[in-house]
Amino acid sequence: MRDARRRRHPNSWRLTFDEGLLLGLRPVRLLAGRARANWRWHGPLTARERLRAWRLGLLYQSYALYDLASHDPADFLKDHVDIDYFVSESSRGAIGDKLTLLLSMRATGVPTPTGLGYILHGRVHPLDTAGCPKMPVDWLEQSAELTAGFVLRPNAGGGGRGVHIFQPEGAGRYATAARSLSANELAAEMERLDGYLITRFVEQHAYARALHPPTPNTLRLLTIWDLETKRPYVAAAAQLVGRPGRGALSSFSGGVGGLSVEVDLSSGVLGRAVSLTGDGRRRSSDTHPDTGAPISGVEVPCWRRIADTVERAASVVPHSPYVGWDLLLDDASEVQMIEANPRPGVFAWQAHRPLLEDPRARRFFEHLGLA
């Protein structure tokens, strides 16, 4: 198994004993994971549709979200694909650890939001100085970086879980999407945190702000390693857009949360917005369903530079051949890399078109035995 795996893998990574054991159990894990996810689904699928979803290797959620009528179902990457076992442990740590990613991207010239501190066991360790750890209340009083606001995010994990954005209101108060806190109240909450990264808030570009002003509307790009050129390339892109009452971020998880908008890879022009309705049906529109703001036809500025930046970032981590990147274009038209995921969900991209329609992507996943 070890030799066969090494032949299939584009960068010839070796399996550890534990990874080989887990890979051998992969069919059981896939079946159990799919059954668990489907058990939670309460959308309007008939018994025949549920059976077809099983046969296609799709979750019920994916079956409802994807435009199967316009595409060959065989071109969709199946759910619960375990690419995790084809990425080394060190690679998962380098990409999934937000502090490590921030430092490595900064060292290679890829722009990232300014790192202000790291919360460990309720104490703030400043990143911009060699100072000693501080109590949160002292850090809030002494930091000069908070006038533009700041973001607290768990150092591990994804999907926007646990992320909080704070904007100064004056008079020692800070506002989130849902409430206002005094400096002492905020400090008390920070003292309960562990393993959180603090970064300066990034003001988004006017094009993104117009889509839905209350939320940071991020771009999500997928890079895949081209087996022929031995270089990463942008295989898919989506603009995520927030919605009222759906949290402070523009997260999109299987159609739940915000909106996913396809980005044309050659021009950077936005297509239609896709989401699931409250009763689990696919909805596609040219405008924001809640505000009526125009979406389809909007052009992402500096698109070629954005794609080039992401491909450069992906080339820094060749041991991660399949990465989802979240980024913002700021109000100065600079790319800001927010985070990366070594095992990204594909909902945001396949809501528009299947990944395996791209011949290079198909070769990559077939090479790993995952398509």
Side-chain angles (χ1 to χ4, degrees), residues 90-169 172-176 181 183-204 216 218-219 248-249 309-310 312-314 316-317 320 323-332 334-342:
S90 61
S91 168
R92 290 196 292 271
I95 295 294
D97 186 287
K98 295 179 178 60
L99 176 58
T100 302
L101 179 72
L102 182 148
L103 297 176
S104 62
M105 291 295 105
R106 181 188 299 174
T108 52
V110 176
T112 61
T114 302
L116 302 179
Y118 188 84
I119 302 178
L120 185 65
H121 304 311
R123 301 295 184 268
V124 178
H125 296 249
L127 296 181
D128 54 349
T129 68
C132 297
K134 300 179 181 180
M135 294 293 293
V137 65
D138 297 327
W139 181 79
L140 289 170
E141 290 178 356
Q142 298 170 13
S143 179
E145 303 286 350
L146 305 183
T147 55
F150 64 97
V151 181
L152 293 177
R153 63 178 70 243
N155 194 50
R161 290 180 292 273
V163 178
H164 302 282
I165 300 173
F166 294 93
Q167 295 285 4
E169 289 186 306
R173 299 193 67 85
Y174 298 87
T176 69
L181 298 172
N184 287 334
E185 290 171 332
L186 175 54
E189 294 202 2
M190 293 172 66
E191 287 180 19
R192 292 193 288 267
L193 300 179
D194 185 32
Y196 266 67
L197 179 64
I198 310 173
T199 58
R200 183 187 296 172
F201 176 76
V202 175
E203 188 63 52
Q204 62 188 335
T218 56
L219 287 161
L249 301 177
T309 300
V310 171
R312 178 156 55 95
V316 175
V317 287
S320 293
V323 182
W325 305 88
D326 285 345
L327 57 95
L328 271 174
L329 191 67
D330 68 18
D331 55 355
E334 295 294 332
V335 180
Q336 297 290 334
M337 190 67 66
I338 305 297
E339 65 178 58
N341 191 327

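Considering D326, T114, D330 as possible partners of Q336, the one that fulfils the side-chain hydrogen bond (donor to acceptor under 3.5 Å, both in side chains) test is D330.
Looking at residues two or more places apart in sequence or on another chain, you find no salt bridge (Lys or Arg N to Asp or Glu O under 4.0 Å) involving R123. Under the salt bridge (Lys or Arg N to Asp or Glu O under 4.0 Å) criterion, E189 pairs with R179, not counting sequence neighbours. Listed by chain and residue number, D97, L103, Y118, L127, N155, L197 satisfy the side chain to side chain contact (heavy atoms under 4.5 Å, CB included) test with L99 (two or more places apart in sequence, or in another chain).
Here the side chains of I165 and P216 are in contact, with some heavy-atom distance below 4.5 Å. For the pair L101 and W325, the minimum side-chain heavy-atom distance is below 4.5 Å. Taking the side chain as every heavy atom from C-beta outward, P133 and H125 approach each other to under 4.5 Å. Residues L327 and T218 have side chains not in contact (no heavy-atom distance under 4.5 Å, counting atoms from C-beta outward). In this structure, the side chains of V310 and L219 stay at 4.5 Å or more apart for every pair of heavy atoms. Between M190 and I198 there is a side-chain heavy-atom pair separated by less than 4.5 Å. Within the 4.5 Å cutoff, the side chain of V163 has heavy atoms near those of the P154 side chain.
Listed here is the closest heavy atom pair of P111 and T309: CD-CG2, 4.3 Å. In plain terms, the two heavy atoms of G117 and V124 that are nearest each other are CA-CG1, 4.4 Å. Annotation for T199 and P113: closest pair CB-CB, 4.1 Å, computed over non-hydrogen atoms. Scanning both residues, A313 and M337, for their nearest heavy atoms gives CB-CE, 4.1 Å. Minimum heavy-atom separation, C132 to P126: O-CD, 3.8 Å. Scanning both residues, D194 and H121, for their nearest heavy atoms gives OD1-N, 2.7 Å.
Atom CG in L328 sits 6.0 Å away from atom CD in Q204 (nearest 0.5 Å). Here the CD1 atom belonging to I338 is positioned 6.0 Å from the CZ atom belonging to R153, to the nearest 0.5 angstrom. Here the CG atom belonging to L102 is positioned 11.5 Å from the CD atom belonging to E339, to the nearest 0.5 angstrom. The line from CD of E203 to CD of Q167 is 7.5 Å long, rounded to the nearest 0.5 Å.
Note: F150 and Y174 have perpendicular aromatic rings, judged against thresholds of 30 and 60 degrees for the angle between ring planes.
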